[in-house]
Amino acid sequence: MSLIPTYPEPRDLLKGKTVVVTAAAGTGIGFSAAKRAAEEGATVLMSDFHERRLGEAADRIAEAVGQRPETCVCDVTNQEHIDHLRDTAIEKLGCVDVLINNAGLGGEVDVIDMADEQWERVLDVTLNSVFRMTRSFLPHMQERKTGAIINNASVLGWRAQKGQAHYAAAKAGVMAFTRCSAIEAAEFGVRINAVAPSIAMHAFLAKVTTDELLAELSAKEAFGRPAEVWEIANVMMFLASDLSSYMTGEIVSVSSQRA
């Protein structure tokens, strides 16, 4: 197993930019993306449906960075909530330069045992929310002739895993949606890309996944370990920054290419 690299020093990659992140409470990729964006000089608005955890997450970033991000409670399955999030972001930040669509919902169940409600809930949170968020925020970016949207996909959009048909279908949909919406947005100077992590370790994943499965998945990685959530967020920061100015419609694998 390779050693975990040193946490990155800020490079002002997003200095002067404004960033909105969904599903940013807790300890996962969304929280890390919000924290890394703040560290890279952005003014950040964090969103989540859980108000208490959202406030606690913003407090943790304030302790680390010295400035508390703006917050807005939002259920990404509700279009009215999403439009309120957009309006709040524009009001509090002045504009939205970067949108990180991080919300997603998983679970493990075989197809023959899967209820309609399980299938529909996973697709609604994981795929439909990306469509709703993009539909709501993209006109603002197109009007300004600038912007970047980063969607959180998954290697399961490419690869098979038992019990993950609903989640894999949703993430494959995120990939296809990213490619198609990127073509539509390109003429307005807006870039839309996605990251595709394999396994990124955080407290909630450890809580809902058996130790045996985590060990099995980690052993398949080239580095013999899961990614740290900030390693995924680092790639999001690159895609949000001007360093990726000629990239759009791309799905960037952050997975050490395991078979």
Side-chain angles (χ1 to χ4, degrees), residues 18-38 42 44-61 69-86 88-89 93 96 98-107 120-137 148-154 156-157 166-167 170-171 173-175 177-178 192-209 227-237 239-240 254:
T18 57
V19 178
V20 174
V21 186
T22 64
T27 59
I29 293 171
F31 171 78
S32 189
K35 182 171 180 285
R36 289 290 296 114
V44 177
L45 187 148
M46 307 168 65
S47 176
D48 202 281
F49 76 95
H50 196 293
E51 186 171 9
R52 177 183 58 80
R53 288 204 295 262
L54 180 61
E56 292 171 350
D59 289 342
R60 293 200 303 274
I61 291 179
E70 300 286 354
T71 60
C72 182
V73 176
C74 178
D75 176 356
V76 293
T77 68
N78 185 308
Q79 188 67 53
E80 291 184 2
H81 281 219
I82 289 171
D83 291 342
H84 173 68
L85 171 61
R86 177 203 60 209
T88 299
L93 305 181
V96 178
V98 178
L99 170 64
I100 299 179
N101 286 318
N102 174 67
L105 179 67
E120 291 164 1
R121 178 64 176 166
V122 168
L123 264 72
D124 202 22
V125 174
T126 307
L127 173 59
N128 295 347
S129 71
V130 175
F131 156 64
R132 294 189 190 100
M133 289 288 298
T134 302
R135 180 175 62 182
S136 185
F137 279 76
I149 298 175
I150 299 96
N151 300 323
N152 195 358
S154 168
L156 289 185
H166 48 355
Y167 185 73
K171 290 301 189 180
V174 169
M175 292 176 174
F177 179 81
T178 297
I192 304 178
N193 294 290
V195 299
S198 52
I199 177 171
M201 183 54 63
H202 55 90
F204 182 74
L205 178 64
K207 182 179 179 181
V208 300
T209 309
E228 297 294 308
V229 287
W230 54 262
E231 292 181 294
I232 310 302
N234 283 347
V235 181
M236 291 178 166
M237 297 305 102
L239 293 174
V254 194

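Since the model is a prediction, treat every value here as computed from it, not as a measurement. Starting from 1, each residue takes its place in the sequence as its number.
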When rounded to the nearest 0.5 Å, the distance separating CG of Leu45 from OG1 of Thr88 is 7.5 Å

Between Asp75 and Phe49 the two heavy atoms that sit nearest each other are CA-CB, 4.3 Å

(request) Kindly determine whether Glu70 and Leu93 satisfy side-chain contact (heavy atoms from CB on, under 4.5 Å), including the steps that lead there. (result) CA-CA 8 Å; Glu70 300 286 354; Leu93 305 181; 4.2 Å; yes

Heavy-atom nearest pair, Phe31 first then Ala25, reads CB-O, 4.4 Å

Between the CG atom in Leu54 and the SG atom in Cys72, the distance rounded to the nearest 0.5 Å is 8.5 Å

Interatomic distance, CG@Leu239 vs CD1@Ile149, rounded to 0.5 Å, equals 12.5 Å

dist Leu99:CG -> Met133:CE (nearest 0.5 Å) comes out at 4.5 Å

Tested for side-chain hydrogen bond (donor to acceptor under 3.5 Å, both in side chains) against Ser136, the lone hit among His81, Arg86, His84 is Arg86

Distance col, row Asn128:CG vs Gln79:CD, nearest 0.5 angstrom, shows 10.5 Å

Exercise. Got Ile100 and Asn152 here, is their nearest side-chain heavy-atom distance under 4.5 Å?
Worked result: no

Short side-chain to backbone donor-acceptor contact, Asn151 and Ala153, under 3.5 Å: no

Output for pair (Asn101 CG, Arg132 CZ), nearest 0.5 Å, gives 12.0 Å

Under 3.5 Å, side chain of Thr77 to main-chain N/O of Asp124, donor-acceptor pair present? no

Smallest heavy-atom separation, Ala23 atom then Ala103 atom, equals CB-CA, 3.6 Å

Between Leu105 and Tyr167 the two heavy atoms that sit nearest each other are O-CD1, 3.3 Å

Salt bridge (charged side-chain N to carboxylate O under 4.0 Å, His left out) evaluation trace for Glu56 with Arg52: CA-CA 6 Å; Glu56 292 171 350; Arg52 177 183 58 80; 3.0 Å; yes

Closest non-hydrogen contact found for Ala33 with Met236 is CB-SD, 3.9 Å

Does Arg121, at its CZ atom, have more than 12 non-hydrogen atoms belonging to other residues, nucleotides or ligands within less than 6.0 Å? no

Heavy atoms of Asn102 and Thr22 approach each other most closely as N-OG1, 2.9 Å

_Using the rule given for side-chain contact (heavy atoms from CB on, under 4.5 Å), can you reason through Trp230 versus Asn234, listing the C-alpha separation, both sets of side-chain angles and the distance that settles it, and then say yes or no?_
CA-CA 6 Å; Trp230 54 262; Asn234 283 347; 3.5 Å; yes

Checklist entry - Within a reach of under 6.0 Å around CD of Glu120, are more than 12 heavy atoms found that belong to other residues, nucleotides or ligands? => result yes

